[in-house]
Amino acid sequence: MAHVDTVNLVRFVLNGQEVDVPDGSTLLAVARDQGCTIPALCYREGCRPDGNCRACVVDIENERVLAPSCRRTVTEGMVVWTDSDRVQRSRKMVLNLLAMEGGRIGLPVNEAVAESELSQWLHTFGIQPSSYLSRLHQQSDAIDQSHPAFTFDASTCINCDRCVRACQEEQVNGVIGVSGRGADTQIIFGLDDRVIDSPCVACGECVQACPTGALRLPEMVVKQSQHKVDSVCPYCGVGCALTFAVEANQIIAVEGRDGPANHQRLCVKGRFGFNYIANPNRLTQPLIRRHDAPKNPEILSQADLGQFDWRTLFREATWEEALDAAAGGLRRIRDQHGPNALAGFGSAKCSNEEAYLFQKLVRTGFGSNHVDHCTRLCHASSVAALLECIGSGAVSNQVQDVLHADVAFLIGCNPTVNHPVAATWMKNAINQGTTLIVADPRVTEISRYATDFLQIKPGSDIALINAMLYVILNQKLVDQEFIETRVDGFAEFKKHIQLFSPEMMAPICGVPSEEIVSAATRYATAERAMIFWGMGVSQHTHGTDNVRALIALAGITGQFGRPGTGLHPLRGQNNVQGASDAGLIPMMFPNYQPVTDPDAHDWFETFWGHSLCSQAGLTVVEIMSRVEHPDSEKERMRGLYVMGENPAMSDPDLTHARSALAHLEHLVVQDIFLTETALLADVVLPASAWPEKTGTVTNTDRMVQLGRIAVQPPRGAQADLWIIQQLATRFDLNWCYTGEYHGVGAVFEEMRTAMGAPFSGISWQRLQEEQSVVYPCASEGEAGQGVVFIDRFPTASGRMRLVPTEYKGPTVSVDPEYPMAMITGRVLEHWHTGSMTRRAPVLHQINPIPLISMHPQDAESMDIKNDDAVLIRSRQGELAAQVRIDEAIAVGSLFMPFAFYEAAANMLTSDALDPTGKIPEFKHTPVSIEKTTMRPVCSGYSV
Amino acid sequence: MTKQTIRKHIRQIVGGDLKTVDLLIEHLHRINDHFGCLPKPYLAVLAELMGKASVEVYEVASFYHHFAIVDQVPVDQRVTIRVCTSTSCCLAGGEELHRELQKMPLDQKRFIVEGAPCVGRCEQAPVAVVQQNPIPFASIETVLRAIENQQFTHPKALPERPHFCPVEIVESAAGQAPIELTTHPSWVGLSQYEKYGGYTRVDAIRNGSVRHEVVMDMLESSALRGLGGAGFPVGKKWRIVSSHAGPRYMAVNLDEGEPGTFKDRTFLERDPHRFLEGMLIAQEVVGVNRCYIYIRDEYHGCRQILQDALTELVEAKFIEADLVQIRRGAGAYICGEESAMIESIEGKRGEPRHRPPYVAEVGLFGRPTLVHNFESLYWVRDITQRGADWFDAFGRHDRRGLRSFSVSGRVKSPGVKIAPAGISVVELIQEYCGGMTDGHTFYGYMPGGASGGILPADLGSVPLDFDTLQPYGCFIGSAAVVVLSEADRARDAALNVMQFFQHESCGQCTPCRVGCGASAQLMQDRTWDLKALGDLGNVMRETSICGLGQAAPNAVACVERYFNSEVTNGPR
């Protein structure tokens, strides 16, 4: 897009009138502003104009041929006609040719085609198919319906290439291209493959971009008059803004909305994965466990769990009965055994308001601080290190800052799979000149763009990062001024790092020392360098150390406080940031005020009007281990309230975790499906899905964003916000939140007060109007701060700390019995434990089978071929799965997603924890693998 | 075949620099030369090795007609036999030859017979090219013999010619000996070229005894204009390009694809160093960091000659090895358009760019670029040696300069005729071509290849030069003159030309992509729908991105204007 200089004005003559416009304006923009009707097909707002359709041509005096107004900028003294006879004649002809090429020749067309931009322009200009052109049209049968998410109908394509730009330049997925030449030009996917066989990731950007309906949704069509509701995507921490198209209380489509995190971009889950909410197995009736149905965790290992008959375990109950049973059971345990026998797992997928009330219920109702959520399995180690060293666990710079970075260092993250839209900004940055450094055991998709790709051995992060620190320190590439004014502990830190030369660390991390030196130098000498990381860094028993080292990297080079610098731990869940901020964690009240801090304790006691426990609570895995193996009977955990979490799939060492869940005296599960965890419950409460609620969520960029209710939950299910308040009354808590949607606005305002300074400028009213506000935000009139730590850190001294780290590898190393390192993680189409996405038809169809990926070299040495069945064993358990040969995996390691109950990867992982963050080591489990004749069954869920 | 094996094989065949993305087309050629086609598995691995997505490689490979993409690695090397079906070869029976060959019992899995657009050998029509081996005056027998004897490569030309001088040729005017019609004439090697005063000019300019400014003035004051077709004054172009800050590049257009044109080939086959000297003079005076010579793929023999001539210069330490790079076209006429050529040199689809900005300012790799047709540089040495006035002194009918006319069609002696600018076609036929072929009466002619339109015999006295033909709806372009007789019909030539453009359109913009095919269809009707053709012609002329689409309707307009009876009441 032309850079518009608002200071310089340029005068030209448009249709006989003199007009002054900012220098750099395009003729199309100006003419349309002035009210001219100019058709344009290959032009798409916000994208590079290609000027190939020629529909937008105008007459520039003294130029031999007509000019594409989408591309031409105004120059001083230009004389332009947009509606002369000359222009009209050509414009009409161009539209005629497009009509012919696009199959608009009087034949019946699909609705998406009939409503398309092309059809609208043809209608506006009264284009009737001319007879001679009609007979020239070649009807094509080439409709590709191979992909469940969308249809590609080449017969109505006009080769405008908007899809190519969408795929190659915006999302940078490199799937769609233009093949052939002349009239044989056609849009292709991959190597002219069927869509489903191509590398297409179904982000849907092309569908969104297509002006003719050639790329369209398969059956249902979004009518222009549809009822639309603006909201936010429920999946990952990018927090893409979207719009639900609703008809008859059903979401029929999702469109990308221009929100600050995504600017209309979405990924396959957000765009095509919304239909889990309409799955026939949604919970609609509260359930109470039958007396004759003991809790047997073995049922979760059944192959056909998806078709399980819940009636063998539960009976339906009314809400009254179920709520009484739920609360009653928890109260009984509290009264009999004390508050330490109760705990609550809140959700990182529910709203801030729900998270806030949940932790308030646990703290005031249950009487302990044993409240936690899945952050424990995610960025707990990152947050621990960040709080320790710089006083704040949130990102210092937002994702799109990467567009300002000279260097981006990605370590232990796989953004094209787990934060797809965030990855598109990274790819855009790289195409604009940002240099990429990637450190990962796997050859990830994004590493294809890396200038330095450091393929580290699993679990050897400290060796690499400390070696980089060594290089920077010893080559004097530090930012001396920053260190002197803003950093503590430098001298000792520097001394400690001397033990970590690249030559010594190279064999440990598996990266040659020259590469370590190159990467370190590149990072340190960059004007602006930014670090992104994910689970590869955090999910280790030395995860906290890993992050301490990364913080030091940024600290000694002064990469803080400016756009394009800083630290960005990519938040996984759509509301994990918000849930932590709202206090859904055992050691802190809202806004990270320690429960052990007397001032905070007193403040909250007053604010909530209730006595509060002053001891830090237990974390997720600790809670589970206290069920069966408490230090004493008094310490035994007996009752658990779970909202929107599925620890029976997400916890490490599932045999023990499931056993623990089954041994609880009283388990209450509030969810939208009968998850694996719910199957072990005493009471099941049917809850609301994200599009069925109004509430706020906070993404990885610290944007507090509003979700609006688009459809009603299925009859019988209730809003989570209502359920929590109902339980609270049964704990004699006199909550009173009035206003629409169960008082959500009032809850927000209370939470806002509890949060303090960062939320000063964010009111419920403001969110209604602006939909998205960044925190910290000092006042209602200001925008929030994207970049933080500009002058100081939020520590007592205002300075950051450098904490030296020792090299510790994984807690348990591989050995001859368990010789391979298994890494668990995610895949593009599936979310975490699969409870949502595996019940979404399109996502399930694209990716139905659990696969374990291994390197061809390893496979060959064991005579294993692609699609073979294998048995994988660890000290914790075993499972069978199908193999996928993949060169991207490191030799000696394996990769498995944890979304599939049929091959639940966490059966194999161990519950060894990082001592500070208490996070398990999901990223390194010693396993053995062998071929098996046992064919793994994969039943999925009903969809 | 595993990925590992393919990787190894590609590294072997391609050698070279896999990370330099603009070498993509060169790399594709290596694979294509090896297999006679491009197997998809190889494209996927090549993409990976070059750090690109598969589709990016596919996009480029599928654009060029000389690359045939196949699903699997073939058992035997695939051999393509291309039979030229452009105007001059059609007049000589090219279409019949094509049809006959298609009926031959050749192993269809291995041998592919295709109709092909002008291969630049019109004076030896009809022409069939068996893989890389051109068969002049082709017949079924000669083509089959080449296939049987597995003669798939271009015969090698040797630097044994003692002398070639275009000045002597033009100065002997109508008495000029016809340039021999063969596929591999010998050429003037470096030592022979130097013997007759070669490279003294560029030496002088390099060592400062002739100042850049002097040379620049010379070219500016001469009548030398771009001889590829656009006609932009050469000296002015040098001035403009040198006014932009460096680094600057030069791209020499040896794509010679305008049907009927074969002058560049003719000169290059015999006298490569005169062109190279002109190029080096321009490089020196304008201040160019590197020269790219883009040569059409069909000129396999010339490519070898260029490589050999450049090697002579490098070995003589006259130039650094990396100063000049040769880049091969791959079967796309549109890459003769300067911005499309630049795109192709950058390793992309040959799609013309939008102007502004012009390539003199933003060209190859975003830098100011001097683009010249081969022949424009071919005359630089002699102009700088003999002076601008010498060049201007040529000319007839009040025109200035000289022109290398590629004459073909119904004349006794077709070939390159170096003649005064402004000569008429009648004069050309009579004085330089020995008259019409026996039994043929002059009917009409195409003054400028496929793009230049068609004129009737009664306009045979119009001077042929830049600017003289515009009033008649024609232009001289590359001075490719195709002579038609009463045995021919202008409407057939016009259809042939439109089908050529349909075949060669890059497909970027709507008017050309759709308009060429739509026009060609309509032109097959007995009676032309002149209104419809007029509408199509108008939108193509007014809104196409580049000259191909803009000029494509010219022949149609000429038929309507000058050969109307052919298309209004059925055949004449």
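Proteins get letters first, then strands, A, B, ... in listed order; numbering begins at 1 in each.
- Residues His29(B) and Phe67(B) bring their aromatic ring centres within 6.0 Å.
- The nearest pair of heavy atoms linking His66(B) to Asn32(B) is O-ND2, 3.1 Å.
- Only the side chain of Lys3(B) has a heavy atom closer than 4.5 Å to any heavy atom of chain A.
- Proximity to chain B (any heavy atom under 4.5 Å) is restricted, for Val175(A), to the backbone atoms N, CA, C and O.
- Contacts of Asp71(B) with chain A are absent, with no heavy-atom separation under 4.5 Å from either backbone or side chain.
- For Pro199(A), no part lies under 4.5 angstrom from a heavy atom of chain B.
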Intermediate values then yes/no, salt bridge (Lys or Arg N to Asp or Glu O under 4.0 Å), Glu887(A) and Arg442(A):
CA-CA 9 Å; Glu887(A) 284 184 320; Arg442(A) 291 188 295 166; over 6 Å; no

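- When the candidates Glu351(B), Glu56(B), Gln550(B) are compared by the number of heavy-atom contacts under 4.5 Å with chain A, Gln550(B) comes out ahead.
- Salt-bridge annotation for Asp59(A) and Arg86(A): present, with a side-chain N of the basic residue lying under 4.0 Å from a carboxylate O of the acidic one.
- Ranked by heavy-atom pairs under 4.5 Å with chain A, the first of Gln4(B), Arg513(B), Met540(B) is Arg513(B).
- Only the side chain of Arg349(B) comes within contact range of chain A, with at least one heavy atom under 4.5 Å from a heavy atom of that chain.
- Looking at Asp192(A), the atoms closer than 4.5 Å to chain B (heavy atoms on both sides) sit in the backbone and in the side chain alike.
- Between Met498(B) and Cys516(B), the shortest heavy-atom distance links the atoms CG-O, 3.6 Å.
- Panel note: side chain Trp528(B), backbone Met523(B); a donor-acceptor pair is recorded below 3.5 Å.
- At a 4.5 Å heavy-atom cutoff, the contact between Arg72(A) and chain B is made by side-chain atoms alone.
- Proximity to chain A (any heavy atom under 4.5 Å) is shown, for Leu536(B), by both the backbone and the side chain.
- The contact between Thr185(A) and chain B is made entirely by side chain atoms (from C-beta outward), counting heavy-atom distances below 4.5 Å.
- For the set Val55(B), Val60(B), Asp529(B), the entry with the most heavy-atom pairs within less than 4.5 Å of chain A is Val55(B).
- Looking at Leu41(A), there are no atoms closer than 4.5 Å to chain B (heavy atoms on both sides), in backbone or side chain.
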